[in-house]
Amino acid sequence: QVQLVESGGRLVQAGDSLRLSCAASGRDFGTYDMGWFRQAPGKEREFVAAIRWSGRSTYYADSVKGRFTISRDNAKNTAYLQMDSLKPEDTAVYYCAADRSRRWGSRLSDYGYWGQGTQVTVSS
């Protein structure tokens, strides 16, 4: 099993950058594929980005492609989401997720482990 704790969320202005971290405890972090999701008020949780266990492959939702970068440091048991050129519509609670099933998908059901979330608010 793996436990996930997100951090780094805060209030920023449109155009700013922010880096979220997802610290994992437990064994074998380097064997988990990781994902970031977000949930805005009144909306369903949606996929943002994913990275393979090796870090060699990534993919993104169209809404963040070119602005957000997912990465990981397996030696530090941490995944990251670098968010640049933030927009007010990026305001949401951001969650990291992990799984070893190798589905590596964009659906919530593709991930078996979730953090508690961190709030990102982007003012206009």
Side-chain angles (χ1 to χ4, degrees):
Q1 288 190 349
V2 64
Q3 294 79 43
L4 306 172
V5 178
E6 303 92 336
S7 63
R10 61 182 177 89
L11 172 64
V12 297
Q13 293 187 335
D16 284 354
S17 296
L18 195 61
R19 188 176 80 160
L20 305 182
S21 299
C22 174
S25 60
R27 298 181 61 181
D28 303 325
F29 172 75
T31 65
Y32 288 83
D33 297 329
M34 300 296 295
W36 284 95
F37 290 75
R38 67 186 182 186
Q39 187 166 17
K43 295 187 177 181
E44 295 184 350
R45 195 172 299 188
E46 65 176 7
F47 170 77
V48 175
I51 186 167
R52 294 302 299 266
W53 61 272
S54 64
R56 293 177 182 174
S57 297
T58 60
Y59 74 105
Y60 301 88
D62 288 342
S63 59
V64 306
K65 199 173 297 183
R67 299 189 299 122
F68 290 12
T69 304
I70 188 172
S71 63
R72 67 189 297 159
D73 186 336
N74 287 344
K76 295 183 178 180
N77 282 13
T78 304
Y80 303 97
L81 185 67
Q82 176 67 39
M83 305 186 292
D84 298 321
S85 302
L86 282 162
K87 304 175 182 180
E89 51 264 43
D90 294 319
T91 295
V93 177
Y94 282 72
Y95 300 88
C96 67
D99 203 84
R100 289 198 293 190
S101 67
R102 297 296 175 254
R103 285 187 291 264
W104 200 51
S106 60
R107 299 171 300 180
L108 275 67
S109 59
D110 290 328
Y111 297 86
Y113 301 95
W114 292 83
Q116 83 292 345
T118 185
Q119 176 71 48
V120 174
T121 303
V122 185
S123 65
S124 57

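Please read these numbers as outputs of a predicted model, since none were measured by experiment.
Taking each heavy atom of Val2 and Ala24 in turn, the nearest pair found is CG2-CB, 3.6 Å. Residues Asp110 and Gly105 come closest through the heavy atom pair OD2-CA, 3.0 Å. Of all heavy-atom pairs spanning Ile70 and Met34, the tightest one is CD1-O, 4.1 Å. Of all heavy-atom pairs between Ala14 and Pro88, the closest is CB-CD, 4.1 Å. What you find for Val64 and Val48 is that their closest heavy atoms are CG2-O, 3.5 Å. Smallest separation of non-hydrogen atoms from Tyr60 and Phe47: C-CE2, 3.9 Å.
Proximity of a side-chain donor or acceptor of Asp99 to a complementary backbone N or O of Gly112 within less than 3.5 Å is detected. Side chain of Thr58 to main chain of Ile51: no donor-acceptor pair is present (N/O by atom type, distance under 3.5 Å, no hydrogens or angles). Ser123 contributes a side-chain N or O that, together with a main-chain N or O of Val12, makes up a donor-acceptor pair within less than 3.5 Å.
Sorted by first then second residue, the disulfide (SG to SG under 2.5 Å) pairs that include residues 8-108, not counting sequence neighbours, are Cys22-Cys96. Among residue pairs with one or both ends in residues 69-94, none qualify as ring-ring contact (aromatic ring centres under 6.0 Å, His included); sequence neighbours excluded. Every pair passing ring-ring contact (aromatic ring centres under 6.0 Å, His included) that includes a residue from residues 105-124 is listed here, sequence neighbours excluded: Tyr32-Tyr113, Phe37-Tyr111, Phe37-Trp114. Pairs of residues two or more places apart, or lying in two chains, that qualify as side-chain hydrogen bond (donor to acceptor under 3.5 Å, both in side chains) and include a residue from residues 46-55 are Asp33-Arg52, Arg38-Glu46. The list of side-chain hydrogen bond (donor to acceptor under 3.5 Å, both in side chains) pairs with a residue in residues 10-23, not counting sequence neighbours, reads Ser17-Asp84.
Interatomic distance, Thr91 OG1 to Gln119 CD, rounded to the nearest 0.5 Å: 7.5 Å. The structure places CZ of Arg72 at 12.0 Å from CZ of Arg56, a figure rounded to the nearest 0.5 Å.
With 3.5 Å as the limit, one finds no donor-acceptor pair spanning the side chains of Ser85 and Arg67.
Counting heavy atoms from C-beta on, the side chains of Glu6 and Leu20 never come closer than 4.5 Å.
Every residue was checked against the salt bridge (Lys or Arg N to Asp or Glu O under 4.0 Å) condition with Lys43, not counting sequence neighbours, and none meets it.
Between Asp90 and Lys87, no side-chain nitrogen of the basic residue sits less than 4.0 Å from a carboxylate oxygen of the acidic one, so the salt-bridge criterion is not met.
Cluster membership for Tyr95 and Leu86, using ILVMFWY side-chain heavy atoms within less than 4.5 angstrom, is not shared.
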